[in-house]
J.: 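Could you have a look at this structure, given as structure tokens, before my questions?
Throughout, a chain's letter reflects where its sequence line sits, starting with A, and its residues are numbered from 1.
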There are 2 protein chains.
Amino acid sequence: MESELFDFIAGYMPLTEPEKQVIVDMALFKRVDKGTFLVREGELSNAYYFVVRGCLRTYYMIDGEEKTTAFYTELQNLAPLSTVNKTPSDQYIVCVEDSLLLVSTLDTEQLVFERFPRFETLCRLLSENLLAQNQASFDQFKNSSPEQRYLRLLDTRPDLMQRVPLHQLASYLGIKAESLSRIRRRVQQKART
Amino acid sequence: MESELFDFIAGYMPLTEPEKQVIVDMALFKRVDKGTFLVREGELSNAYYFVVRGCLRTYYMIDGEEKTTAFYTELQNLAPLSTVNKTPSDQYIVCVEDSLLLVSTLDTEQLVFERFPRFETLCRLLSENLLAQNQASFDQFKNSSPEQRYLRLLDTRPDLMQRVPLHQLASYLGIKAESLSRIRRRVQQKART
DNA sequence: TCAGTTCCTTGACTAAAGTTAGGAAAAGCG
DNA sequence: CGCTTTTCCTAACTTTAGTCAAGGAACTGA
């Protein structure tokens, strides 16, 4: 169960057995049911999430409509702006499937850093990486059409198509549900020729 | 000259005089002329940049066209994916104006961390913050039309309009130069009524 | 089982961005 | 200074996304 996590971490920095034990002992793993809200708009949040198994979704409520902006699945990390800034959240974070999460709060983080100083270096490297990756995704998004974005998603995260309703994927791709529907038809027709 | 930097850092963590001195002594400040490339496509990069004064631009060459994706101005931070990943860069980073930068390489960073351990915490906090902010910008980008994005840019970074050619701003906004031209006309007409 | 959602698609229409082409003003350079 | 390049705008046309309306399929809960 934890092995996925430690394999992932090893990509940044291999951990010793005692170090792994620190994480396990702190009982940071948490099972969360589908439909559970981790944060709602207006609430304060003090946790960071690492998805071991399952799927989280972030969305905003704008003019009574849900605007989905991200999905976090296996081995992805979510540091809500609300947690980082200690300000009320402007978005919702909800559990899309029954999930297994590593939940670390500002408090537990501090404890881990004391017992295991290298963990701060690990967190720094991870943040730097995620920042650069996020910027690269943003860059790619700007330079591609809705259809190209759909095709890329199909290529990089095909699982999402099965796991998530299409109208949520549409707003994730920055378009309306009707447009996504038409894009899918267009793409299928091209493939058939 | 360095005071802008230290004022900025104080927002995360006030530094002591000796700590400030470490940074100044390491002579990490660098003047860079307009037109200078910090990284080209295919090159390796091993530096992080903090803009004290001036402006940097990142762009990709796609089908012989420059696709600008970001501008870094006063008090903004740039950690190129190439530096983070130690892989050849897929983008260009160029100096748009004569600029004053704080340049930190992987080597100098290590030295600073040793002489001044709190610096690593500072870097972690900064990365976490920038990541959450970048994600929020990305979210907003997805949920707004080209016109809304233009108006927001006008609101949040009006200086860019003067500092940078419009066709570069267009691709930064994820649209073509012709579209930006039309949007500007539309907006002006609305304002005139 | 049935009623009420939610989800997905389609069609007709509108609005806006992409494409292509051209031209004028401004800036850079010999 | 003239020349070239860059920058910016315009226009006509094409393509595609947004909007509004509707209907059917799939799922949900009493």
Side-chain angles (χ1 to χ4, degrees), chain A residues 33-36 55 57 59 61-68 71 92 94-98 140-154 160-193, chain B residues 33-36 55 57 59 61-68 71 92 94-98 141-154 160-192:
Chain A
D33 287 338
K34 173 176 176 173
T36 306
C55 180
R57 174 172 73 102
Y59 68 89
M61 274 308 253
I62 299 178
D63 302 331
E65 294 213 346
E66 291 186 6
K67 304 287 189 177
T68 298
F71 297 99
Y92 297 79
V94 65
C95 199
V96 169
E97 305 168 350
D98 292 354
Q140 222 167 23
F141 190 94
K142 284 180 182 172
N143 286 321
S144 50
S145 65
E147 181 170 328
Q148 289 172 319
R149 298 202 286 261
Y150 167 73
L151 291 173
R152 181 164 15 250
L153 189 66
L154 215 52
L160 276 187
M161 300 290 165
Q162 319 306 327
R163 300 170 85 167
V164 164
L166 289 178
H167 68 277
Q168 291 176 4
L169 277 181
S171 84
Y172 174 64
L173 291 171
I175 57 179
K176 300 289 166 190
E178 297 91 330
S179 294
L180 178 54
S181 196
R182 279 188 289 248
I183 288 173
R184 282 157 54 89
R185 189 173 36 169
R186 259 201 327 258
V187 168
Q188 283 178 342
Q189 282 174 348
K190 284 181 195 168
R192 234 178 258 129
T193 55
Chain B
D33 287 339
K34 173 174 175 173
T36 307
C55 180
R57 174 172 74 102
Y59 68 89
M61 274 309 252
I62 299 177
D63 301 331
E65 295 215 345
E66 290 186 7
K67 304 287 187 176
T68 297
F71 296 99
Y92 297 80
V94 65
C95 199
V96 169
E97 304 168 350
D98 292 353
F141 190 94
K142 283 180 183 172
N143 286 321
S144 49
S145 65
E147 181 169 330
Q148 289 172 320
R149 298 201 286 261
Y150 167 73
L151 291 173
R152 182 165 15 251
L153 189 66
L154 215 51
L160 277 186
M161 300 291 163
Q162 320 306 326
R163 301 170 84 165
V164 164
L166 289 179
H167 68 277
Q168 290 176 5
L169 277 182
S171 84
Y172 174 64
L173 291 170
I175 57 179
K176 300 290 166 192
E178 296 89 332
S179 295
L180 178 55
S181 196
R182 279 189 291 248
I183 288 173
R184 282 156 56 90
R185 189 172 36 168
R186 265 205 316 266
V187 169
Q188 282 178 344
Q189 282 175 348
K190 284 181 195 169
R192 234 180 258 126

J.: Would you kindly give the CD-to-P distance between B/Gln162 and C/dA27, to the nearest whole Å?
T.: 13 Å
J.: Taking C-beta and beyond as the side chain, do B/Val164 and B/Arg57 meet within less than 4.5 Å on heavy atoms?
T.: no
J.: From CG of B/Leu169 over to C1' of D/dC9, roughly how many Å is that when rounded to an integer?
T.: 16 Å
J.: Provide, to the nearest angstrom, the distance between the CD atom belonging to B/Glu66 and the C1' atom belonging to D/dT7.
T.: 13 Å
J.: Measure the shortest side-chain to side-chain distance between A/Lys142 and B/Phe141 over non-hydrogen atoms and say whether it is less than 4.5 angstrom.
T.: yes
J.: Round to the nearest Å and state the distance from A/Arg149 atom CZ to D/dT16 atom P.
T.: 14 Å
J.: For nucleotides 7-26 of chain C, just jot down a letter per nucleotide in 5' to 3' order: B, S or -, based on protein non-hydrogen atoms under 4.0 Å.
T.: SSBBSB----BBBB------
J.: What closest approach, in Å, do A/Ser171 and A/Thr68 show between heavy atoms, and which atom pair accounts for it?
T.: OG-N, 2.7 Å
J.: Within the structure provided, determine whether A/Phe71 and A/Gln168 are in side-chain contact (heavy-atom separation under 4.5 Å).
T.: yes
J.: Side chain of A/Gln189, backbone of A/Arg186: donor and acceptor closer than 3.5 Å?
T.: no
J.: Run the salt-bridge test on B/Glu65 and B/Lys67 with the 4.0 Å N-O cut-off and return the result as yes or no.
T.: yes
